Amino acid sequence: MAQFQSLPGFREFYPDALARRNHIFRQWRRAAHAYGFSEYDAPILEPLDLYKAKSGDEIETQLFSFTDKGGREVALRPEMTPTVCRLVGEKANALKRPIKWFSIGEFYRYERMQKGRGRSFFQLNADIFGEPGIEAETELIALLIQCLRGFGLGAEDFYVRLSDRNLWFYYLETLGLDEARVRGILSAVDRYEKLGDDAFKDYVTEFGPLDAELKAKVIAFMGVKTMSALEATLGALVSDKLQARLGDWRRLLANLAAMGFGDCVEVDLGVVRGLAYYTGFVFEAFDRKGDLRALAGGGRYDTLIGKLGYNEMPAVGFGMGDMTFALLLEQRGLMPAFGPTTDVYVVIGGEAERTAAFLDIAGLRAAGYRVDYSLKEVAFGKQFKAAAESGAKLALIYGGDELAKGVVKFRDLSDRSEHEIPRASVVEAVRDYFTTGGTA
RNA sequence: GCGGCCAUAGCUCAGUUGGUUAGAGCACAAGAUUGUGAUUCUUGGGGUCGCGGGUUCGAAUCCCGUUGGCCGCCCCA
């Protein structure tokens, strides 16, 4: 039977599955366009070094990488960020700012499959370049929320956890830690939710015993879930950077609340995101119930474009994958059923009538209507059954009796009413039906 | 990279202590039905039981290996 299988972790999209995927992409595009983002795309095969430069050599074990016939070390793209940074970096001086871009593409990672994760997946990426202030975060997080709300998901279904690596740095600095120790603590914070106290083991190995009072403060800070708790913890501390940053937080949350998204966003300093390249606000979107993986994640990365060899440019972005998202929509019953899409089904009496029918079928199709008919000569009963199953609202009957009179029978499949129309005005009659009387 | 469970028709699954030509429902196709709608009835196509090896007179069934799938750990850009 199965002589050739698809490669492990790769998905095949039969028409019903592709309809669901397209539905997701359509809503994402609609949201991104509504927020003034422009769509771009780029190669799926890139130089391996592009990813090593961002993530280090060890990333190679999780890439689909190989040597091409020209001896180049290449990799299927595992993410969009390095590529879009190159696009922006190359033409930084010519691009009007702020640069608001998005793309929807397929990505590849050589990993074990799990629920919500495969070796190939699609991802929406949205980024804003050239804006260092929280106005960029406002716009981007709002887009993320709209990308979820566009499907009918609400604050009871998902929430965005908002955190800030800068706030962690400034706070831990006031507690006397140097940069290396701060990074060690952040690494522990990233794992604390899963590992509990064991998350601090690496820190202790590297820097020695962790002061009990410091550890208590770190754990308490992780637990901060509201702006007022944040202000209670930090408000009295003497640090200009810290107090200015609190102001950023207030403005960002106020902006999102003003857009009506306040109930979708929660302060949560427990989120730091492992990636070393994030430099400010970070955020992740999660399902409120259930145990799904993160729906989306992102943050500010002001230094990455510089690390890739271009002039530094502020940037903030997020990515949202299709697999976990589709699981959520299915769980909530928000994935529509997609069937065949036909406007008009043409019933043909026999071979003699087929020639006349073809002319009108072609005319209707040229006018933009979705028209179908039986490829072979079959009984009328079968054709009407096929018409009903096709989803068509209208059937046009080309029979010998009608054509002899120069007419076509026009049947409304929803109420089973029918009347005759002149053949010469078929396109007009169909157009009239769908623009006025048609029950779409 | 590590671990658990699983693999019979396109799908969901039966298949007795190992026993003759491997079944059902759904789906698909044709007919009953030579001009009007999802019913009903009849019929049909489709499987080297994931693959390979072993035990046996005999394997879908037992054993080993392997590939693939689901799930978890690691990781998660």
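Every chain is numbered from 1 and lettered A, B, ... according to where its sequence line falls, protein lines coming before strand lines. The model shown is predicted, which means the values in this text are computed figures rather than measured ones.
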Requested in this report: Let me know the distance between CD of A:Glu377 and P of B:G31, rounded to the nearest Å.
Outcome: 11 Å
Query raised in the report: Between B:U61 and B:G50, how far is it from one C1' atom to the other, in whole Å?
Result: 16 Å
Report summary line: The Watson-Crick or G-U wobble partner of B:G3, with both key distances under 3.5 Å, is B:C71
Query - Rounded distance in Å between the C1' positions of B:G19 and B:U56 - result: 12 Å
Query - Nearest-Å distance once atom C1' is located in both B:G46 and B:G3 - result: 38 Å
**Report entry** Pair A:Glu46 + A:Arg77, salt bridge at N-O below 4.0 Å
**Finding:** no
Query raised in the report: If the P atom of B:U8 is compared with that of B:G47, how far apart are they to the nearest Å?
Result: 15 Å
Report summary line: A:Phe107 CZ to B:C76 P, in whole Å, measures 18 Å
Query raised in the report: 5'-most contact on RNA chain B: A:Arg109 or A:Ile397, nearest heavy atom basis?
Result: A:Ile397
Query raised in the report: Can you tell which of B:C75, B:U33, B:G37 lies closest to the side chain of A:Ala388?
Result: B:G37
Query - Atom pair distance, as rounded to whole Å: CZ in A:Phe384 and P in B:U36 - result: 8 Å
Query - Pairwise side-chain contact, A:Leu230 with A:Leu167, heavy-atom cut-off 4.5 Å (strictly under) - result: yes
Query - Nucleotide paired to B:G23 in any strand shown, Watson-Crick or G-U, under 3.5 Å - result: B:C13
Report task. Check every strand shown and say whether A:Gln383 touches a base, only sugar-phosphate, or nothing at a heavy-atom separation below 4.0 Å. Result -> nothing
Query raised in the report: Is any N or O donor-acceptor pair between the side chain of A:Lys382 and the base of B:U33 shorter than 3.5 Å?
Result: no
Requested in this report: Identify whether any heavy atom of A:Gly400 sits under 4.0 Å from a base atom; if not, whether one sits that close to sugar-phosphate; answer base, sugar-phosphate or nothing.
Outcome: base
Report summary line: Partner of B:U55 under the Watson-Crick or G-U wobble criteria, both distances under 3.5 Å, comes out as none
Report summary line: From CD of A:Glu402 across to P of B:G35 the rounded distance in Å is 11 Å
Report task. Could you check how far CG of A:Leu375 sits from P of B:A29, rounded to whole Å? Result -> 12 Å
Report task. In whole angstrom, give the distance that lies between atom OH of A:Tyr14 and atom C1' of B:C28. Result -> 14 Å
Report task. Among the candidates B:A30, B:G35, B:G37, find the nucleotide nearest to the side-chain atoms of A:Asp401. Result -> B:G35
Query raised in the report: Looking at side-chain heavy atoms only, is the closest gap between A:Ser120 and A:Phe10 below 4.5 Å?
Result: yes
Polar atom pairs between nucleotides 67-74 of chain B and protein, under 3.5 Å, N or O only, would you list them?
residue, atom, partner, partner atom, Å
B:G69, OP1, A:Gly9, N, 3.2
B:C71, OP2, A:Lys115, N, 3.3
B:G72, OP2, A:Lys115, N, 3.2
B:C74, N4, A:Gln114, NE2, 2.7
B:C74, N4, A:Arg117, NH2, 3.0

**Report entry** B:U36 base / A:Arg411 side chain donor-acceptor hit below 3.5 Å
**Finding:** yes
Report summary line: Contacts of A:Glu79 and A:Lys385 projected onto RNA chain B by closest heavy atom; the upstream (5') one is A:Lys385
Query raised in the report: Of all heavy-atom pairs between A:Tyr398 and A:Asp360, which one has the smallest distance, and what is that distance?
Result: OH-OD2, 2.6 Å
Report summary line: A:Asp16 meets the side chain to side chain donor-acceptor pair (under 3.5 Å) criterion, sequence neighbours left out, with none
Query raised in the report: Using purine N1 to pyrimidine N3 plus N6-O4 or O6-N4 for Watson-Crick, or N1-O2 and O6-N3 for G-U wobble, each under 3.5 Å, what pairs with B:C28?
Result: B:G44
Query raised in the report: What integer number of Å spans the P atoms of B:G58 and B:G18?
Result: 16 Å
**Report entry** B:U39 - base-pair partner by Watson-Crick or wobble geometry, distances under 3.5 Å
**Finding:** none
**Report entry** Centroid-centroid under 6.0 Å between A:Trp28 and A:Phe325 rings
**Finding:** yes
Query - Separation between the P atoms of B:G69 and B:G53, rounded to whole Å - result: 23 Å
Report task. Name the nucleic acid region contacted by A:Glu353, choosing base, sugar-phosphate or nothing; use a 4.0 angstrom heavy-atom cut-off, strictly under. Result -> nothing
Query raised in the report: Measuring from A:Asn255:CG to A:Ile134:CD1, what's the distance to the nearest 0.5 Å?
Result: 4.5 Å
Requested in this report: Describe the nucleic acid contact of A:Glu389 in one word from base, sugar-phosphate, nothing, applying a heavy-atom distance below 4.0 Å.
Outcome: nothing
Report task. Identify whether NZ of Lys or CZ of Arg in A:Arg21 sits under 6.0 Å from the centre of the six-membered ring of A:Phe13 and within 45° of that ring's axis. Result -> yes
**Report entry** Touch class at under 4.0 angstrom, heavy-atom based, for A:Gly399 against every strand present
**Finding:** base
Query raised in the report: What distance, rounded to whole Å, do you find between the two C1' atoms, one in B:G65 and one in B:G23?
Result: 30 Å
Requested in this report: Give the rounded distance in Å between these two atoms: OH of A:Tyr373 and P of B:U36.
Outcome: 23 Å
Query raised in the report: Taking the side chain as C-beta and beyond, is there a heavy-atom pair between A:Gln123 and A:Phe318 under 4.5 Å?
Result: no
Query raised in the report: In whole angstroms, how far is the C1' atom of B:U36 from the CG atom of A:Leu396?
Result: 14 Å
Query raised in the report: C1' atom, B:C41 versus B:C71: distance in rounded Å?
Result: 45 Å
**Report entry** Side chain proximity check, A:Val347 to A:Tyr345, heavy atoms < 4.5 angstrom
**Finding:** yes
